[in-house]
Number of protein chains: 2
Amino acid sequence: MSAKNAFYAQSGGVTAVINASACGVIETARKHPDKIGNVYAGRNGIIGALEEDLIDTSLESSDDIAALKNTPSGGFGSCRFKLKSLEDNKAEYERLIEVFKAHDIGYFFYNGGGDSADTCYKVSQLSEKMGYPVQAIHVPKTVDNDLPITDNCPGFGSVAKYIAVSALEASFDVRSMAKTSTKIFVLEVMGRHAGWIAAAGGLIEDEGIPVVILFPEIEFDQDKFMAQVDAKVKEHGFCTIVVSEGIHYPDGKFLAEQGTRDNFGHAQLGGAAPVVANMIKEALGYKFHWAVADYLQRAARHLASESDVEQAYALGEKAVEFAVAGENSIMPTVDRISNDPYEWKIGKANLADVANVEKMMPMEYITEDGFGITQACKDYLTPLIKGEAYPAYKANGLPDYVTLKLQSVDQKLEKFEV
Amino acid sequence: MSAKNAFYAQSGGVTAVINASACGVIETARKHPDKIGNVYAGRNGIIGALEEDLIDTSLESSDDIAALKNTPSGGFGSCRFKLKSLEDNKAEYERLIEVFKAHDIGYFFYNGGGDSADTCYKVSQLSEKMGYPVQAIHVPKTVDNDLPITDNCPGFGSVAKYIAVSALEASFDVRSMAKTSTKIFVLEVMGRHAGWIAAAGGLIEDEGIPVVILFPEIEFDQDKFMAQVDAKVKEHGFCTIVVSEGIHYPDGKFLAEQGTRDNFGHAQLGGAAPVVANMIKEALGYKFHWAVADYLQRAARHLASESDVEQAYALGEKAVEFAVAGENSIMPTVDRISNDPYEWKIGKANLADVANVEKMMPMEYITEDGFGITQACKDYLTPLIKGEAYPAYKANGLPDYVTLKLQSVDQKLEKFEV
């Protein structure tokens, strides 16, 4: 078999470590020139494949590819775009095959979350359904930590570390100020459907911090919540609240949607944090501060978890090794061997078992009152935030993050409108 | 002269490095047992002195005191409380003297910003005005960077580093997503009156990031702002906006006060970031994300600037050395010798020249269009974010921050109500 080229793309919301997976894919592919020719990256994800907008990664130096391991965000650009089913949009699949053929692509590495696993699964069927031989391997990535089978998803561990450390630091701050000033600190975190990220805030409880978590899995009960907060302030003098952006009322309405209007009558999009903070002020009278971490949390490569970076790289590396070994339609997974000492290995899952399956947070990870995490949850989370994997810094005090050259491969086909 | 005890207190909003100054004060005092007996820390700042609520720092281990250097927040508690003038509230000064006498206190080290410098100055006059001999030395601290004479204020450099790094990381994230999703990222930072912190966001411009800054020094002009943002998105595909919480309209009204009401008719306190983000969406239609860093920025010891930590420690150390040398009514300062290589030394200023003087950001640090920082500003800021001074981390993945024992000194006086 002569060497085939590989296609690699980043999909969906990016993370602090998705580029570490890219690094693992490209560095490993370069070790197998007998099987893999060039790695072409899709500019802005799968759209790059459809538009034949391919980046020639062979033109990037090995230093720059290595630097991807320490650079947050998607170095090749990502997109939010889900391929429809083969029946609903055959034209897109025909186009993919046309592009793959034109550039002699025999491997498809797709780096993303749940929707992307579905896309990757569909591509893995092209060989059988449309007669084009391609091996499709999914490289897991999502801060939402909601892919099945794998123990955890790259990107999540670093967000968890960032949230735990940031909540701890801000809680120390509030503790200092509580005598005459702020007694409540509310931190809003990502996670519209699952409370994995909010749960990480619970790790600071064992550091002596009174913390109340608002999970999207638990319907918001204002009275119960106020009683919790008030009890903690009365006992400790202050309280930290970690609120998921997905917190909602029993009728499904998000707390962040308060139906507020500004002076011009426009609907005002707020965050859940200011809503919760103002509620506490109204009900209990405590002075508050609030923060919304938003992209800061998922981009915070400066505080990435070492185990997360290592796993992100290893999953990219193994994806290529599986491909070289002839596998198709699979996803390498993180398999946990033990918690303490933390040991893991890379396993694999069939994409058919991954696509469109969402892993929810087990209810036994949430305390009975609905506002905290259990020991089982702490045992699960702690290894994921272990270790620091600092980027290098430049003389100007900023991290030495790489911006790639991103040179295009010559186009051979007619234009295609996505 | 026999040894006198020292009083040390933290005042106002705490920072990532105020405890490094505390460490400098206590470790240095311990080296001068001939002059300084115990260091008593005020529990929750000056209130601890008034209420005779003193913490015996001699009961803290040298390891724990050393750990303060790497722990954010105010280890002894802080407060927002300003002593009135001697004429307006003689009782408080008499009480201070009563407490100082009862505990044989001859040194007063006050660690704070502008208001605190004024308090420290008043205490430094007690000897002359009320016949009680006390040496009062102010240890500068404020993320607002608004104390005069000193080149910069401990706490500011670390916030500046945090904001620059965080804005860079989030900008990389947005750049990845801009093709099909988010094109605008708005980061709200502290600084109600001065744009020092917002200015730090401008440091990412030289990393290739299109950034627009909204300073509190510049009246908000919506049309000019939209034109700036739109031009940057058209050129780069995305734009990062760093907005000071103090951004306001020409009539002085803060953007954060939008007069919004929630479903219950309560006034809704928002942030400037969501207001600005929604404005852009309305005017230009771009998808946005926004973050409000709030306490995360000033507590972020995990990303402290090395020069900031060193200066915070050195200022505490020098404060004690000045006191031991017989000085009163002064503040040690950071004097910049050169930018590149960055060199500095500790100088001193008379408190009479510091109290109630606010250092504003020079207008020549803001570009003519009002939305960026000049090279002079970059030259000023860059040394302040130089170097990383990471805290140690524990096996559980969290930083090893110290919580002191904080044991009280026996009270000798009647209660006093603040």
Side-chain angles (χ1 to χ4, degrees), chain A residues 14 44 47 72-74 77-81 161 164-166 168-170 172-173 175-177 179-181 185 203 207-208 258-263 266 268-271 274 278 282 289-296 298-303 305 382 385-386 388 393 396-399 401 403, chain B residues 14 44 47 72-74 77-81 161 164-166 168-170 172-173 175-177 179-181 185 203 207-208 258-263 266 268-271 274 278 282 289-296 298-303 305 382 385-386 388 393 396-399 401 403:
Chain A
V14 297
N44 303 309
I47 288 178
S73 83
S78 185
C79 68
R80 295 201 178 278
F81 184 88
K161 188 177 185 89
V165 172
S166 298
L168 179 67
E169 291 176 333
F172 267 57
D173 189 309
R175 185 173 68 180
S176 317
M177 304 302 298
K179 168 85 175 178
T180 59
S181 182
F185 179 71
L203 291 171
E207 307 293 310
Q258 287 288 295
T260 51
R261 310 247 146 211
D262 66 16
N263 290 342
H266 302 140
Q268 188 81 9
L269 198 79
N278 276 289
E282 291 280 342
H289 264 252
W290 56 268
V292 176
D294 194 64
Y295 278 4
L296 304 191
R298 75 180 201 191
R301 181 63 186 80
H302 74 267
L303 187 62
S305 140
T382 297
I385 71 165
K386 258 187 206 291
E388 297 73 49
Y393 278 71
N396 68 1
L398 292 174
Y401 293 147
T403 295
Chain B
V14 296
N44 303 310
I47 288 179
S73 83
S78 185
C79 68
R80 296 202 177 276
F81 184 88
K161 189 178 185 90
V165 172
S166 298
L168 179 66
E169 291 175 333
F172 266 57
D173 189 308
R175 186 174 66 180
S176 317
M177 303 303 296
K179 168 85 174 177
T180 57
S181 181
F185 180 70
L203 291 172
E207 307 292 310
Q258 288 288 296
T260 52
R261 310 247 146 213
D262 67 14
N263 290 343
H266 302 140
Q268 188 80 9
L269 198 77
N278 277 288
E282 292 280 342
H289 264 250
W290 57 268
V292 176
D294 194 65
Y295 278 4
L296 305 191
R298 74 180 202 193
R301 181 63 185 81
H302 74 268
L303 186 60
S305 140
T382 298
I385 71 165
K386 260 188 205 292
E388 297 71 50
Y393 278 71
N396 67 2
L398 293 174
Y401 294 148
T403 295

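Quick caveat: nothing in here was measured; it's all calculated off a predicted structure. Convention: sequence-line order gives letters A, B, ...; per-chain numbering from 1. Just so it is clear, the values below take in all heavy atoms, side chains as well, and ignore hydrogens, waters and symmetry mates.
The distance from atom OH of Tyr393(B) to atom CG of Leu303(A), rounded to the nearest 0.5 Å, is 4.5 Å. Thr180(A) OG1 to Phe81(B) CZ: the interatomic distance, rounded to the nearest 0.5 Å, is 9.5 Å. In this structure, CG on Asp173(A) lies 8.5 Å from CG on Asp294(B), to the nearest 0.5 angstrom. Annotation: the span from Thr403(A) atom OG1 to Phe172(B) atom CZ amounts to 3.5 Å, rounded to 0.5 Å. Here the CG-CZ distance, from Leu168(B) to Arg301(A), works out to 13.0 Å after rounding to the nearest 0.5 Å.
A donor-acceptor contact shorter than 3.5 Å is absent between the side chain of Lys179(B) and the backbone of Gly77(A). A side-chain donor-acceptor contact under 3.5 Å links Ser176(A) to the backbone of Gly74(B).
The choice from Ala164(A), Ser305(A), Ala300(A), Ala293(A) that makes the most heavy-atom pairs within less than 4.5 Å of chain B is Ala300(A). Taking His302(B), Met177(B), Glu388(B) one by one and counting their heavy-atom pairs under 4.5 Å with chain A, the maximum is reached by His302(B).
If you measure heavy-atom distances from Ser78(B) to chain A, the contacts under 4.5 Å come from both the backbone and the side chain. In this structure, chain A has heavy atoms under 4.5 Å from both the backbone and the side chain of Lys386(B).
Annotation for Leu296(B) and Ala291(A): closest pair CG-CB, 4.1 Å, computed over non-hydrogen atoms. Minimum interatomic distance between Asn396(A) and Ile385(B) (heavy atoms only, all atoms of both residues): O-CD1, 3.4 Å. Between Ala170(A) and Ala299(B), the shortest heavy-atom contact is N-CB, 4.0 Å.
For the residue pair Glu169(B) and Tyr401(A), a side-chain donor N or O sits within less than 3.5 Å of a side-chain acceptor on the partner.
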